Asks: 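Input: one structure, supplied below.
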Amino acid sequence: MDGTADDAHELRDLTRQLRGQLLRHAMLGTWAAPGGASPRVAASGAPELGDPSASQDSGTSPDAGHAAAGAPIAERAPIEIAEDAVPVATDDAPIALGRKTLPQIRAELGDCTRCKLHTTRRSIVFGVGSPDTPLMFVGEAPGEQEDKRGEPFVGPAGQLLDKMIEAMGWTRATVYIANTTKCRPPNNRNPQPDELAQCMPFLHAQIAAIAPRIIVALGRPASNQLLDTNAPISALRGKFHDYARATDGVSLKIMPTFHPAYLLRDPDKKRAAWSDLKLVMAELARLGIAPPHPPRA
Ligand code: URA
């Protein structure tokens with residue numbers, strides 16, 4: 001790691017800490033963002049990762065899972081990517097290498113027809129959240145609700161994911177959430193290799209743009225794609241793995257854990273998932289990165 005990369009990341013982490021402090025002041029009413037909404041104060045107490053009432057999630061194993069119907073819990077409007085602010089690509093060329101901004105990546109994705117999923121999708125579900133967060137979550141693929149709304153994790157699994165994120169002291173708006181594919185596979189089947197081959201480069205580009213310090217990989221498909229392995233989630237979760245494509249010489253750790261849709265089907269596994277998330281919180285603290293809200297740990 002060279003000194004320039006170190007300095008850049010130190011500056012970035014300081015900016016994040018400052019932002020966290022400003023958010024805390026906004027919560028306490030001691031500071032108000034000019035023209036901005038202050039985040040809601042998270043409820044305190046033990047983490048309650050309880051089930052939303054209805055679940056139509058598919059998949060039956062910890063290594064599968066999608067969300068379906070349900071309403072999102074949004075703390076504040078997610079950061080919008082102004083799609084009309086950048087030219088939209090008209091061809092389906094593979095993504096060009098090099099670090100780009102999220103709007104540039106979105107523009108390059110265009111009205112994507114690179115794989116067959118475009119024939120059945122309603123929306124391209126690009127991703128949501130903060131473009132410079134230290135904490136990112138990656139799931140498998142949009143489900144029905146996500147396809148309808150154009151936003152990842154807005155069904156029952158998404159509601160549980162929101163609770164998990166909030167228990168850690170973060171919110172949908174202060175982390176970044178994306179999937180290994182941006183279009184819904186028909187009937188929530190797993191994404192196929194040709195679809196992943198077209199779509200993963202865009203996720204890697206998003207990761208390079210955001211440069212998070214930790215990615216929580218939700219379930220086996222996301223973990224396998226990010227770590228280039230075929231190992232089951234039980235063998236991967238509970239420990240940090242290195243993301244091989246770390247940019248700027250700065251390490252990026254991946255924490256695989258159970259997919260929230262699996263946790264809805266097997267709530268006994270929530271304890272293990274929470275212990276994974278506590279490792280993430282401890283590592284962020286070790287890096288000097290404070291969450292915007294007090295965690296419920
Ligand atoms: N499951 C996922 O993996 N991603 C979503 O966006 C929704 C459900």
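Whatever order the structure lists ligands and atoms in, that order sets their numbers, starting from 1. Nothing here was measured: the structure is a model prediction, and the numbers come from that model.
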Asks: For ligand 1 and Pro152, I'd like to know whether there is a polar contact (N/O to N/O, distance under 3.5 Å).
Replies: no
Asks: Is the closest basic N to carboxylate O distance between Glu146 and Arg184 below 4.0 Å?
Replies: no
Asks: When you measure from atom 1 (N) of ligand 1 to each heavy atom in Glu140, Lys182, His259, which option holds the nearest one?
Replies: His259
Asks: With sequence neighbours excluded, what pairs up with Asp266 under the salt bridge (charged side-chain N to carboxylate O under 4.0 Å, His left out) test?
Replies: Lys269
Asks: With sequence neighbours left out, what residues match Arg271 under side-chain hydrogen bond (donor to acceptor under 3.5 Å, both in side chains)?
Replies: none
Asks: At under 4.0 Å between heavy atoms, which part of Ala141 makes contact with ligand 1: side chain, backbone, both or neither?
Replies: backbone
Asks: Quick check on contacts: which atoms of ligand 1 are under 4.0 angstrom from a heavy atom of Gly139?
Replies: 3 (O)
Asks: Say you draw a straight line from CD1 of Ile215 to CD1 of Ile254; how long is it, rounded to the nearest 0.5 Å?
Replies: 4.5 Å
